[in-house]
Amino acid sequence: MENKQPNNPLHGITLQKMLEQLVDFYGFDTLGELIKIKCFTADPSIKSSLTFLRKTDWARAKVEQLYIKTLPKFTK
């Protein structure tokens, strides 16, 4: 049985890729304003943010929601 998810925009996208695209698009300053979590505002880095987001489900959900909302803007 194949496990295809044609309607899932997050299928096949790693958290790291998601975060890198959001940081490239918004920068950590704007990202910290849009999602108010310390890993984006206090000495932010991809590595420290990934560590926090992998441990914190509610924060990861916020990042995923923002990614889905921003997805149409990435292709332009």
Trainee: Do Leu31 and Val63 have side chains that get closer than 4.5 Å, going by heavy atoms?
Mentor: no
Trainee: For Thr30, check side-chain contact (heavy atoms from CB on, under 4.5 Å) against everything at least two apart and list the hits.
Mentor: Tyr26, Leu34
Trainee: To the nearest 0.5 Å, tell me how far Met18 CE sits from Leu50 CG.
Mentor: 10.0 Å
Trainee: Could you list all the salt bridge (charged side-chain N to carboxylate O under 4.0 Å, His left out) pairs where at least one residue sits in residues 36-60, not counting sequence neighbours?
Mentor: Arg60-Glu64
Trainee: Measure the spacing between CG of Leu53 and CD1 of Ile35 and express it to the nearest 0.5 Å.
Mentor: 8.0 Å
Trainee: Which atom pair, heavy atoms only, marks the closest approach of Cys39 to Ser49?
Mentor: O-OG, 3.3 Å
Trainee: Can you name the residues that form a side-chain contact (heavy atoms from CB on, under 4.5 Å) with Glu20, not counting sequence neighbours?
Mentor: Gln16, Ile46
Trainee: Answer whether the closest heavy-atom distance between the side chains of Thr41 and Ile37 falls below 4.5 Å.
Mentor: no
Trainee: What's the separation between atom NZ in Lys73 and atom CG in Leu71, rounded to the nearest 0.5 Å?
Mentor: 11.0 Å
Trainee: To the nearest 0.5 Å, what is the distance between CD1 on Ile68 and CG on Leu10?
Mentor: 4.0 Å
Trainee: Could you list the residues that satisfy side chain to side chain donor-acceptor pair (under 3.5 Å) with Ser48, not counting sequence neighbours?
Mentor: Ser45
Trainee: Strictly by ring pair (Phe, Tyr, Trp, His ring centres under 6.0 Å), give each pair with a member in residues 30-58 just once, sequence neighbours left out.
Mentor: none
Trainee: Would you please name every residue forming a ring pair (Phe, Tyr, Trp, His ring centres under 6.0 Å) with Tyr67, sequence neighbours left out?
Mentor: Phe74
